[in-house]
A.B. asks: 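A single structure is presented below for examination.
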Amino acid sequence: MAFFEFPRLNWRRMVTIVRKELLVLLCNRVSRMLIIVPPLVQIVIFGWAATMEVRNVDVAVLDHDNGRWSREIVHRLEGSPTFRSVRFLPSEESIRPVLEGQEALFILTFDQEFSRRVERSESAEMQVILDGRRSNAAQIAAYYLSRIVEGMAVDTPLGRAAATAAAPRLDVRMRCWFNPNLEFQWFFLPNLIGMLSLILGLVVTGLSVAREREVGTFDQLLVSPATPTEIALAKLAPGCIVGLVHGTIFLLITVFGFGVPFTGSVVLLYLAMLVFAVASGGVGLMVSSLSATQQQAFLGAFTVGVPCILISGAVTPIINMPIFLQHASQLNPLRHFTVISQGVFLKDITFAAAAVSLGKITLISLAAVSVAVWMFKRRT
C-alpha cells in the first residue's frame, strides 16, 4: 500500500538537496567536462559524419566491349556526384584484388557484344559485382547505377522508338513531403536530441546515489531531516535540469548550425523534453539504486541506454523489427519522444496530434519515478 501513497513533501528541504547536487556536479572539474564537452562533440560529429547517404563511391570497370554504349554508361558514372572515381581494369584476374583491397565498392563488367546488342535493340546485359562487406552502401550505390542505366536507355534506338510511338506514356513524378530533398540530417538530428538527452539523464541521475555511497556521505544524507522520498525526488531534479539545458543547446545547434527547419511549437517541444527528462531520470535512479559504485552505475546506464536507442525508431525503422520488439518499444520513452521531436521539427505537429505520444511518455515517467522511489526506499 505504501507504494501508491503520496506523502507530504517538504519542498524547502528538497530544494536544498537539489542545490547541493548541482554544486557537486558543477564544482567538480571532471564532472563539468563529462556533462558539457562529450554531448556537444557528439552532436557536431554525428551531424556531419552520421549519414545513410552514399557518396564518394569508387567504381572499377572491366570493359570488353569498349563500344559507344558502354562508354556512355561510364561517362554518366563519371559525371554523377555520387561516384568519386572510375578506374578501368585490364583483365578478369584484377577483379579479386580490387575487391579484397576495398579499392572499389562495385565492379561493372561489359561483354564484347554489349553495344552491338543495344544498337540492334536486343537484350543487352552487364554484370555488377558488389562488395558484400558493405552491403547497405553497395545496395544503395547499385540503385544509383540502375537509375543512370534507366536514363541512358531512353537514348538507345529502342528507347527513342518507344518515345515516338503512338502508345500513351506514363509520366511518374515524385514529390517528398516534409523533407523534399531527402536530407538525412533533417531526419537524424531531431532524433539525436532525444538520444543524447536520454544518455545524459541516465548518467547524471545514475551516478548521484552511487557517488554518495562511494564517498561515504550516503548515510549522512539519510540522517538529515529529509525523508527518503524527498531525497529520491531531489536526486531526479539535476538530471532534468541538465537535460533541458542540453536540449536547448542541441535545438540551437540543429536549427542554426545545421539548418534543419523548425516548424512546430516550442512550448510542445519543451513540455515533451521535460516529461522525457523525468522518465530518463527515473530510469537512471533505478540503475543508481542497484549500483554500489559509480563505475557500476555508469555501465548500467549504458546497458539500459543503448537498447532503448536501438528499439526507439530513431536509428532503424520499428516496422522492420520483430513483433515482440515492436510491442516492447512501447515501454521506451525515447520512441514516443522521437515522434514528437520529428513532428515539431518537420510537420508542425499540433498538441492534439502529439497528445497520445505525450500521454505515453507521462505514464512511463510516473511509473519509472514511482518504481525508482520504491527501490530507493528499499535500499535505504
Side-chain angles (χ1 to χ4, degrees), residues 42 45-159 174 176 179 181-188 191-192 306 309-310 314-317 319-322:
Q42 287 170 5
I45 292 178
F46 277 117
W48 278 322
T51 177
M52 295 295 183
E53 297 175 351
V54 177
R55 299 174 181 173
N56 302 321
V57 176
D58 295 317
V59 182
V61 176
L62 179 60
D63 191 359
H64 294 297
D65 173 56
N66 199 27
R68 173 188 174 186
W69 296 108
S70 64
R71 291 198 304 268
E72 177 66 21
I73 292 178
V74 172
H75 291 331
R76 297 195 182 199
L77 285 175
E78 293 173 334
S80 171
T82 301
F83 301 98
R84 178 173 58 186
S85 66
V86 179
R87 59 178 293 189
F88 290 90
L89 303 181
S91 63
E92 294 182 357
E93 288 74 17
S94 56
I95 292 178
R96 187 180 187 91
V98 168
L99 284 182
E100 286 184 347
Q102 295 189 343
E103 300 173 22
L105 184 59
F106 65 83
I107 296 176
L108 189 60
T109 65
F110 300 94
D111 61 30
Q112 296 177 350
E113 298 295 321
F114 180 79
S115 294
R116 294 188 183 93
R117 290 194 181 104
V118 173
E119 289 291 346
R120 294 195 300 264
S121 299
E122 298 177 357
S123 175
E125 297 180 353
M126 56 185 180
Q127 185 182 35
V128 182
I129 305 173
L130 303 173
D131 186 351
R133 292 167 296 183
R134 295 176 283 176
S135 58
N136 184 66
Q139 291 180 43
I140 296 175
Y143 169 75
Y144 292 158
L145 173 64
S146 68
R147 295 298 300 269
I148 291 175
V149 174
E150 290 172 5
M152 189 212 69
V154 178
D155 297 330
T156 64
L158 182 61
M174 294 185 294
C176 299
N179 190 356
N181 297 323
L182 297 179
E183 295 284 347
F184 183 75
Q185 289 179 340
W186 288 22
F187 158 78
F188 189 66
N191 300 341
L192 192 61
V306 172
I309 290 174
L310 293 178
V315 179
T316 57
I319 195 66
N320 294 343
M321 301 176 188

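Starting from 1, each residue takes its place in the sequence as its number.
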A.B. asks: Between S70 and S115, what is the shortest heavy-atom contact and its length?
C.D. replies: N-OG, 3.6 Å
A.B. asks: Working to the nearest 0.5 Å, report the span between CD1 of I140 and CG of L145.
C.D. replies: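 Here the rounded value is 14.0 Å.
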A.B. asks: Please identify each residue that fulfils side chain to side chain donor-acceptor pair (under 3.5 Å) with E100, with sequence neighbours left out.
C.D. replies: R96
A.B. asks: With sequence neighbours excluded, tell me which residues meet side-chain contact (heavy atoms from CB on, under 4.5 Å) with P90.
C.D. replies: S94
A.B. asks: Between E72 and R76, is the closest basic N to carboxylate O distance under 4.0 Å?
C.D. replies: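 Looking at E72 together with R76, the answer is yes, because their closest N to O distance falls below 4.0 Å.
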A.B. asks: Please name the pair of heavy atoms, one in L130 and one in A142, separated by the smallest distance, quoted to 0.1 Å.
C.D. replies: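 In this case the closest contact between L130 and A142 is CD2-CB, 4.2 Å.
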A.B. asks: Which pair of non-hydrogen atoms, one from E93 and one from P97, has the smallest distance, and what is that distance?
C.D. replies: O-CD, 3.2 Å
A.B. asks: By side chain to side chain donor-acceptor pair (under 3.5 Å), which residues pair with E103, not counting sequence neighbours?
C.D. replies: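 Only R87 meet the side chain to side chain donor-acceptor pair (under 3.5 Å) criterion with E103.
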A.B. asks: Tell me which one of L99, V98, L62 satisfies side chain to side chain contact (heavy atoms under 4.5 Å, CB included) with I129.
C.D. replies: L99
A.B. asks: Please list all pairs passing the salt bridge (Lys or Arg N to Asp or Glu O under 4.0 Å) test where one or both residues lie in residues 56-67, with sequence neighbours left out.
C.D. replies: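 Qualifying pairs: D58-R84.
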A.B. asks: State whether the number of non-hydrogen atoms from other residues, nucleotides or ligands found under 6.0 Å of E92 atom CD is greater than 12.
C.D. replies: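 No, not enclosed.
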A.B. asks: Starting at CD of Q112, measure out to CG of N66 and round the result to the nearest 0.5 Å.
C.D. replies: 11.0 Å
A.B. asks: Once you round to the nearest 0.5 Å, how far does CZ of F110 lie from CD of Q127?
C.D. replies: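 If we round to the nearest 0.5 Å, F110:CZ and Q127:CD are 11.5 Å apart.
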A.B. asks: Who passes side-chain contact (heavy atoms from CB on, under 4.5 Å) against S80, sequence neighbours left out?
C.D. replies: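 side-chain contact (heavy atoms from CB on, under 4.5 Å) check on S80 returns T82, F83, I148.
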A.B. asks: Please name all residues satisfying salt bridge (charged side-chain N to carboxylate O under 4.0 Å, His left out) with E113, sequence neighbours left out, ordered by chain then number.
C.D. replies: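 Counting only residues at least two positions away or on another chain, E113 forms a salt bridge (charged side-chain N to carboxylate O under 4.0 Å, His left out) with R116.
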A.B. asks: How close do M126 and I73 get, counting heavy atoms only, and between which atoms?
C.D. replies: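 Looks like SD-CD1, 3.9 Å.
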A.B. asks: If I compare all heavy atoms of A104 with all of A60, which pair ends up nearest, and what's the gap?
C.D. replies: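 Residues A104 and A60, closest heavy atoms: CB-N, 3.8 Å.
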A.B. asks: Given the rule in the side-chain contact (heavy atoms from CB on, under 4.5 Å) test, do H64 and F114 qualify, once you have shown the distances and angles that lead to the verdict?
C.D. replies: CA-CA 9 Å; H64 294 297; F114 180 79; over 6 Å; no
A.B. asks: To the nearest 0.5 Å, what is the distance between OH (Y144) and CG (L77)?
C.D. replies: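 Those atoms lie 13.5 Å apart.
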